[in-house]
Amino acid sequence: MSTIGIDFGTTFSSASWVNPVTGFPEEIKFLNAVDKCKIPSIIYFQPQGKPLVGYAPYMQIENANTAADRDVIHRYAITSIKRKMQKNASFQGHSHVEIISLIIRHVVEEARKVCDFPSPPDTLVLTHPVVFAEWQKNMLREAACRAGFADEKISLLEEPISAALAYVNSNNLSNVEGVLVYDFGGGTFDVAYVKKDARGQWQIPIDPQGDPCCGGDDIDLSIYDKWEERVRQQFHRNLSPNPQEVDDVFLSRCRKQKEMLSLNANQRFTEILPPAKGRNFDQAIWEVRDSEYNDIISPIINRTIAKTKLVVDEIRSKHLPLDIVLLIGGSSRIPLVRQRLEQLLGDVSLIRTTGQVDTAVAVGASYYALNRPTLSPIPEPPIIKRVKFCIKCGNQFKDSDNFCMICGRKRDVL
Ligand SMILES: Nc1ncnc2c1ncn2[C@@H]1O[C@H](COP(=O)(O)OP(=O)(O)OP(=O)(O)O)[C@@H](O)[C@H]1O
Ligand SMILES: [Mg+2]
């Protein structure tokens with residue numbers, strides 16, 4: 001039996017395995033991926049030939065220049081399927097389940113090229129956002145089955161809980177009792193809190209929160225809209241020849257600009273606009289200043305802070321410990337995220353990043369499969385258990401309690 005952990009992401013998918021040499025979970029470094037670990041969640045259904053998945057269609061979008069290239073991409077490539085998922089929908093004749101299964105299958109195939117699994121992976125831990133409806137989880141499960149995993153060998157795990165598992169198991173946290181995970185990715189935002197109990201076991205005393213439509217993709221679109229506004233003013237045309245459609249290639253330029261703005265908030269971008277009828281080489285310039293960029297992205301960042309505040313307020317009202325706020329997910333690199341979190345927490349020193357910003361979710365999936373203590377001095381396997389508190393007096397319920405033993409309030413409130 002071999003296990004693989006997969007973080008099926010909106011923009012990128014990553015994976016982990018338990019290295020048989022060390023016995024510990026590790027992120028998988030692929031041959032063809034962005035920054036080694038991130039396989040783009042993109043498929044290009046070639047009019048002839050097999051679908052291309054991952055890095056190859058990603059590079060195709062990066063390098064597209066002509067109107068013909070753009071048209072082909074628009075018609076045959078699908079990005080961010082995790083955000084577009086619908087029950088009975090299809091793209092180029094392929095159901096959404098099938099599209100997801102192709103991505104899962106590709107990740108497993110690429111993993112097998114670089115990892116010496118003791119046997120072909122037959123057990124899968126697949127992560128998902130906190131706010132994923134049952135039908136979406138069922139779709140993921142079905143996609144995993146189609147990718148070759150038996151239903152009983154598939155486990156689903158919430159993304160920020162997975163990241164928490166990776167963090168608490170791969171760091172020495174002897175003086176840490178409470179960790180909040182802020183996971184801001186390409187399409188979704190999640191926040192979760194885990195707490196160490198008196199026996200050193202990590203628990204989830206508060207329900208995680210999430211926003212399924214709040215991620216880097218939304219920021220890219222806001223930047224795209226800003227360009228659209230400028231282009232209309234300056235050139236009296238739209239970015240895309242069809243104003244109803246977003247030009248995927250220019251959108252990917254907006255993503256790059258956003259990532260550059262995180263490194264330096266004052267930038268001057270010179271872009272060749274998508275070809276439009278009769279005007280092929282319009283060149284537009286945008287000098288972005290810190291304040292303008294922050295104005296564009298504030299509404300999106302604020303949504304993540306509002307969800308985080310719900311969890312932080314609950315931590316505080318229940319007098320639970322909070323020692324670390326861990327930033328996970330590519331979009332957590334945005335400097336405004338840190339600023340807003342500092343304002344919310346009133347304490348900069350709590351905020352931490354890790355070398356696993358992009359892969360903690362995937363690595364946690366293998367810890368979940370392994371279910372064993374590791375580097376941290378935790379006396380028992382860190383099975384994360386959900387505990388419930390009385391909403392009236394804060395007393396912790398035992399599993400068997402139907403009523404609060406302190407104030408008598410019925411348990412079903414939570
Ligand atoms: N330096 C950076 N500044 C701003 N955004 C960044 C930076 N680096 C990466 N990102 C953004 O992070 C996002 C991808 O993050 P990640 O890989 O964590 O998401 P995902 O797992 O694919 O999505 P999700 O978890 O939401 O389904 C992209 O929108 C990308 O542009
Ligand atoms: Mg993610």
Side-chain angles (χ1 to χ4, degrees), residues 5-16 27 30 33-42 54-55 58 61-62 79-85 100 103-104 107 126-132 136 140 157-164 166 181-192 208 210-224 248 251-265 267 288 293-294 296-297 300-301 303-304 307 326-339 353-365:
I6 297 184
D7 169 18
F8 164 58
T10 308
T11 327
F12 298 109
S13 294
S14 48
S16 67
E27 65 199 18
F30 300 98
V34 176
D35 301 335
K36 297 199 171 77
C37 293
K38 304 188 292 183
I39 293 190
S41 303
I42 302 177
Y55 194 65
Y58 172 84
I61 295 178
E62 295 281 296
T79 58
S80 302
I81 178 66
K82 187 172 163 190
R83 273 281 291 265
K84 295 170 185 162
M85 264 165 97
I100 297 166
I103 295 173
I104 295 174
V107 171
L126 187 58
T127 60
H128 64 84
V130 168
V131 188
F132 232 32
Q136 289 172 299
L140 282 191
L157 176 65
E158 287 166 335
E159 288 169 12
I161 299 300
S162 192
V181 176
Y182 173 102
D183 179 3
F184 192 18
T188 57
F189 171 72
D190 283 330
V191 54
D211 186 331
C213 299
C214 180
D217 279 7
D218 302 281
I219 298 178
D220 305 345
L221 275 170
S222 301
I223 294 175
Y224 185 97
D248 304 297
L251 187 62
S252 88
R253 292 293 314 149
C254 294
R255 179 163 48 77
K256 285 266 147 46
Q257 291 160 10
K258 169 192 72 179
E259 292 170 7
M260 286 167 74
L261 283 160
S262 288
L263 299 174
N264 177 358
Q267 298 267 356
V288 193
Y293 177 55
N294 284 348
I296 295 169
I297 65 175
I300 297 157
I301 308 292
R303 279 166 58 187
T304 71
K307 289 284 176 200
L326 184 66
L327 303 186
I328 292 290
S331 301
S332 73
R333 293 188 174 94
I334 295 172
L336 190 64
V337 163
R338 195 179 265 271
Q339 282 174 34
T353 51
T354 138
Q356 296 183 331
V357 172
D358 298 307
T359 53
V361 174
V363 173

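Read the numbers this way: they start at 1 and go in the same order the structure lists the ligands and their atoms. Each residue takes its place number in the sequence, starting with 1.
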* All pairs passing side chain to side chain donor-acceptor pair (under 3.5 Å) where residues 353-364 contributes a residue, at least two apart -> Glu27-Thr359, Arg333-Asp358
Using a cut-off of under 3.5 Å, which N/O atoms of ligand 1 pair up with protein N/O atoms, and what distance separates each pair?
| unit_1 | atom_1 | unit_2 | atom_2 | d |
| --- | --- | --- | --- | --- |
| ligand 1 | 3 (N) | Ser262 | OG | 2.7 |
| ligand 1 | 8 (N) | Arg333 | NH1 | 3.4 |
| ligand 1 | 10 (N) | Gly330 | O | 3.4 |
| ligand 1 | 12 (O) | Ser331 | N | 3.2 |
| ligand 1 | 15 (O) | Gly330 | N | 3.3 |
| ligand 1 | 18 (O) | Gly330 | N | 2.9 |
| ligand 1 | 19 (O) | Gly186 | N | 2.9 |
| ligand 1 | 22 (O) | Thr10 | N | 3.2 |
| ligand 1 | 22 (O) | Thr11 | N | 2.7 |
| ligand 1 | 22 (O) | Thr11 | OG1 | 3.4 |
| ligand 1 | 22 (O) | Phe12 | N | 2.8 |
| ligand 1 | 22 (O) | Phe12 | O | 3.3 |
| ligand 1 | 23 (O) | Thr10 | N | 3.3 |
| ligand 1 | 23 (O) | Gly186 | N | 2.9 |
| ligand 1 | 26 (O) | Gly186 | N | 3.1 |
| ligand 1 | 26 (O) | Gly187 | N | 2.8 |
| ligand 1 | 26 (O) | Thr188 | N | 2.7 |
| ligand 1 | 26 (O) | Thr188 | O | 3.4 |
| ligand 1 | 26 (O) | Thr188 | OG1 | 2.9 |
| ligand 1 | 27 (O) | Thr10 | N | 2.8 |
| ligand 1 | 27 (O) | Thr10 | OG1 | 2.6 |
| ligand 1 | 27 (O) | Lys82 | NZ | 2.6 |
| ligand 1 | 29 (O) | Lys258 | NZ | 2.9 |
| ligand 1 | 31 (O) | Lys258 | NZ | 2.7 |
| ligand 1 | 31 (O) | Glu259 | OE2 | 2.6 |

* Would you check if Phe184 and Ile301 make a side-chain contact, meaning some heavy-atom pair closer than 4.5 Å? => yes
* Asked: Are Asp211 and Arg303 within salt-bridge range, i.e. N to O under 4.0 Å?
  -> yes
* **Nearest heavy-atom neighbours spanning Gly364 and Leu157** => O-CD2, 4.3 Å
* What are the two closest heavy atoms between Pro129 and Thr188, and how far apart are they? -> CG-CG2, 3.9 Å
* Asked: Is a side-chain N or O of Lys84 found less than 3.5 angstrom from the main chain of Thr79, in a donor-acceptor match?
  -> yes
